[in-house]
Amino acid sequence: MAEVVVALDLPSAVEAMRLLERLPAKPWVKVGSILMTREGAPLVRSLVERGHPVFLDLKWHDIPNTVAGAVRAARELGVSMATVHTLGGRRMMEAAREAAGGDLALVGVTVLTSHDEGSYGSVVGREGVSLEEEVARLTDEAVAAGLTGVVCSPAEISTVRRILPEGANVVVPGIRSASDAVGDQVRVASASAATAAGATHLVVGRPILQAADPAAALAGLIAEGACAPS
Ligand code: C5P
């Protein structure tokens, strides 16, 4: 069973809290760069104090010492999961893992879903790259560095599952039921399909944030096989 992670892609802490008041129990929440830049550590602290497991998605990619410092800061805030970018390299990921200790799950971003083969190829200076092979290669690197898992699109779950050890985190955005608007997501899957393929965390934004009844939208995901928040 997979946890639902509510992506708090909202413009302010006030709106984030207003949304959370409308949801039952304390689901996982994702804080990304926009809300973190606006509201910072006080918002993360208050989410943790309210009892939400927090996924801090800042995709760190910097020198090992700096990333390790950021991971320590996240750990001190009580964050449960955070992202680093696998392209930061093995030494960066190892430094991050050491800083995370056993309290903070660190997952690696492999190839951003905004890339196609041409744009990724021009970043890495190679032609004819297979994005699936790159995702597999970078997942290998994440495992070798001791990360607890990766973030991937629904289309890549089975590829990363073949590489990751049992119990690893497979964090998957792009979750849509048949009645949801797809929006700008290209590769989507339902909660039940992503869970059956091996996702452990389903990152869901607009289907909950824009629902007339966000609690009912969350209940729909639970009915499809996601875990009920505690
Ligand atoms: O609104 P929606 O359900 O599409 O939101 C998905 C969330 O997952 C957003 O916060 C988005 O930034 C994030 N995400 C993504 N694709 C990735 C990584 C993260 O959609 N590859």
Side-chain angles (χ1 to χ4, degrees), residues 2-62 66-67 69-71 73-85 104-109 111-115 151-154 169 171-177 179-189 191 194 199 201-222 226 229:
E3 301 281 352
V4 175
V5 182
V6 180
L8 295 178
D9 297 328
L10 292 164
S12 68
V14 169
E15 288 192 46
M17 291 304 179
R18 202 175 288 148
L19 183 268
L20 294 175
E21 295 294 342
R22 300 179 68 189
L23 297 179
K26 307 289 177 195
W28 275 77
V29 290
K30 181 174 90 92
V31 177
S33 316
I34 298 174
L35 197 54
M36 192 64 186
T37 304
R38 288 236 161 87
E39 304 285 356
L43 170 65
V44 174
R45 265 192 218 101
S46 53
L47 291 167
V48 170
E49 275 161 19
R50 285 169 55 103
H52 294 277
V54 174
F55 173 32
L56 187 60
D57 182 24
L58 301 180
K59 300 181 178 64
W60 289 306
H61 181 173
D62 207 322
T66 300
V67 171
V71 170
R75 193 176 160 192
E76 284 161 21
L77 284 174
V79 165
S80 298
M81 191 185 300
T83 44
V84 295
H85 206 300
L104 173 57
L106 272 185
V107 290
V109 174
V111 178
L112 292 172
T113 45
S114 48
H115 276 306
V151 183
C152 67
S153 82
N169 299 127
V171 180
V172 182
I175 302 300
R176 295 291 185 272
S177 66
S179 59
D180 288 331
V182 171
D184 54 0
Q185 293 285 11
V186 180
R187 286 175 287 175
V188 298
H201 294 76
L202 309 172
V203 179
V204 185
R206 287 162 290 182
I208 293 175
L209 305 182
Q210 295 180 356
D213 183 348
L218 180 59
L221 292 161
I222 294 161

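Note that the coordinates shown come from a computational prediction; the quantities given were computed from them, not determined experimentally.
In plain terms, the two heavy atoms of A194 and L202 that are nearest each other are CB-CD2, 3.8 Å. Among all heavy-atom pairs drawn from A82 and L104, the shortest one is N-CD1, 4.0 Å. Here the shortest heavy-atom pairing between A215 and P24 reads CB-CD, 3.9 Å. Taking all atoms of both residues into account, the shortest heavy-atom contact from P53 to P27 is CD-O, 3.9 Å. Shortest non-hydrogen contact noted between A217 and A211 is CB-CB, 3.9 Å. The heavy-atom pair separating L218 from P229 by the smallest distance is CD2-CG, 4.2 Å.
Contact annotation: the side chain of P207 never approaches that of I175 to less than 4.5 Å [non-hydrogen atoms, C-beta and beyond]. The shortest distance between side-chain heavy atoms of V203 and V151 does not fall below 4.5 Å.
In this structure, CG on L43 lies 5.5 Å from CE on M17, to the nearest 0.5 angstrom. Here the CD1-CG distance, from I34 to L10, works out to 10.5 Å after rounding to the nearest 0.5 Å. A distance of 8.0 Å separates CG of L8 from NE2 of H52, quoted to the nearest 0.5 Å. Between the CG atom in L112 and the NE2 atom in H85 there is a gap of 4.0 Å [rounded to 0.5 Å].
Each of L106, V171, L56 was evaluated against M81; a single residue qualifies, V171, per the side-chain contact (heavy atoms from CB on, under 4.5 Å) test.
Put simply, the side chain of R45 never gets that close to the backbone of L77: no donor and acceptor are under 3.5 Å apart. The backbone N or O of G108 sits nowhere less than 3.5 Å from a side-chain atom of T83 that would complete a donor-acceptor pair.
Among residue pairs with one or both ends in residues 2-26, those qualifying as salt bridge (Lys or Arg N to Asp or Glu O under 4.0 Å) are E21-R50; sequence neighbours excluded. Within the structure, salt bridge (Lys or Arg N to Asp or Glu O under 4.0 Å) contacts touching residues 210-221 (residues at least two apart or in different chains) do not occur.
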- Task: Step by step, work out the side chain to side chain contact (heavy atoms under 4.5 Å, CB included) result for L221 and I208.
- Result: CA-CA 10 Å; L221 292 161; I208 293 175; 3.9 Å; yes
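In terms of the salt bridge (Lys or Arg N to Asp or Glu O under 4.0 Å) criterion, residue partners of R75 (sequence neighbours excluded) are, by chain and number, D103. The side chain to side chain donor-acceptor pair (under 3.5 Å) check on H61 picks up nothing, with sequence neighbours excluded. For H201, the ring-ring contact (aromatic ring centres under 6.0 Å, His included) partners are W28, not counting sequence neighbours. For R206, the side chain to side chain donor-acceptor pair (under 3.5 Å) criterion is met by D184, not counting sequence neighbours.
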